[in-house]
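Notes for the one structure printed next.
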Amino acid sequence: QVYLMESGGGSVQAGGSLRLSCTESRKSLTDYCMTWFRQGLGKEREGVASICPDGSTSYADSVKGRFTISKDSAKLTLYLEMKNLEPEDTGMYYCAADAGVMTAIQALGAPVAWYAYWGQGTQVTVSS
């Protein structure tokens with residue numbers, strides 16, 4: 001079983017930056033596509049960025065150009081760099097693994113229910 005743990009969330013002003021990290025217990029970064037999700041209060045959980053073992057990435061339109069997903073397999077860590085944050089980015093951010101897909105585009109579009117492994121989440125709050 002794969003265990004994931006997010007960190008790096010916090011409270012920032014609009015226009016600020018944060019870097020989230022997701023540490024894995026085992027080699028999920030090399031075995032599975034990984035996706036960062038977020039969920040605001042009263043909203044559905046939505047995928048924001050995905051990365052697959054071949055390094056391919058995909059982003060939701062709402063974060064394209066502002067967020068960057070990356071990984072360091074040697075450190076067993078997945079990252080999400082977030083710049084020019086907006087109040088609409090506020091929410092709980094989760095990393096997830098293994099939707100049974102092969103490409104980043106497929107991973108970003110995969111339903112939440114397809115993902116086998118989840119972290120506990122880290123809160124991001126952006127004030128105006």
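Owing to the predicted nature of the structure, the values given are computational and were not obtained by experimental measurement. Sequence positions, counted from 1, serve as the residue numbers for this chain. Below, all heavy atoms of this structure are taken into account, side chains as well, without hydrogens, waters or symmetry copies.
- Using modelled atom types, no side-chain atom of Arg38 and backbone atom of Gly91 make a donor-acceptor pair closer than 3.5 Å.
- How far OH of Tyr117 is from CG of Asp98: 6.0 Å, rounded to the nearest 0.5 Å.
- When the side chains of ILVMFWY residues are joined at heavy-atom separations under 4.5 Å, either directly or via intervening members, Leu108 and Val48 end up in two distinct hydrophobic clusters.
- Looking only at distances, a side-chain donor or acceptor of Lys71 sits under 3.5 Å from a matching main-chain atom of Cys52.
- Tracing side-chain contacts under 4.5 Å through hydrophobic residues (I, L, V, M, F, W, Y), one reaches Trp36 starting from Val63; they form part of the same cluster.
- One finds the CG atom of Asp54 at 12.5 Å from the OG1 atom of Thr30 (value rounded to the nearest 0.5 Å).
- Atom CG of Leu76 sits in a crowded spot, with more than 12 heavy atoms from other residues, nucleotides or ligands closer than 6.0 Å.
- Both Leu18 and Phe67 are members of a single hydrophobic cluster when ILVMFWY side chains are connected at heavy-atom separations under 4.5 Å.
- Scanning both residues, Arg66 and Asp89, for their nearest heavy atoms gives NH1-OD2, 2.8 Å.
- Atoms CD1 and SG, on Ile51 and Cys95 in that order, are 12.5 Å from each other to the nearest 0.5 Å.
- For the atom pair OG (Ser128) and CD (Glu88), the distance works out to 9.0 Å, reported to the nearest 0.5 Å.
- Under a hydrophobic clustering in which Ile, Leu, Val, Met, Phe, Trp and Tyr are joined whenever their side-chain heavy atoms come within less than 4.5 Å, directly or via other members, Leu78 and Met82 fall into the same cluster.
- Here the closest heavy-atom approach between residue Ser17 and residue Asn84 is recorded as OG-N, 4.3 Å.
- Of the residues Leu80, Thr90, Leu20, Val12, the one that meets the side-chain contact (heavy atoms from CB on, under 4.5 Å) test with Val124 is Leu20.
- The number of heavy atoms from other shown groups lying within 6.0 Å of NZ (Lys83) does not exceed 12.
- Criterion: ILVMFWY side-chain heavy atoms under 4.5 Å apart, direct or through other members. Under it, Val101 and Tyr94 are not part of a common hydrophobic cluster.
- Taking the six-membered ring where the residue is Trp, Trp118 and Phe37 present tilted rings, their angle falling between 30° and 60°.
- Here the straight-line distance linking atom OH of Tyr115 with atom SG of Cys33 works out to 7.0 Å at 0.5 Å rounding.
- Remark: side-chain polar atoms of Gln106 are not paired, donor with acceptor, to backbone N or O of Ala110 under 3.5 angstrom.
- Taking all atoms of both residues into account, the shortest heavy-atom contact from Ser50 to Ala104 is CB-O, 3.6 Å.
- Nearest heavy atoms, Asp31 versus Pro53: C-CG, 4.0 Å.
- In terms of modelled atom types and a separation under 3.5 Å, the side chain of Lys75 and the main chain of Thr23 share no donor-acceptor contact.
- For Gln120, the CD atom sits in a loose shell: 12 or fewer heavy atoms of surrounding residues, nucleotides or ligands are nearer than 6.0 Å.
- Atom CZ of Arg19 and atom OH of Tyr79 lie 5.0 Å apart (nearest 0.5 Å).
- Remark: side-chain polar atoms of Tyr32 are not paired, donor with acceptor, to backbone N or O of Ala96 under 3.5 angstrom.
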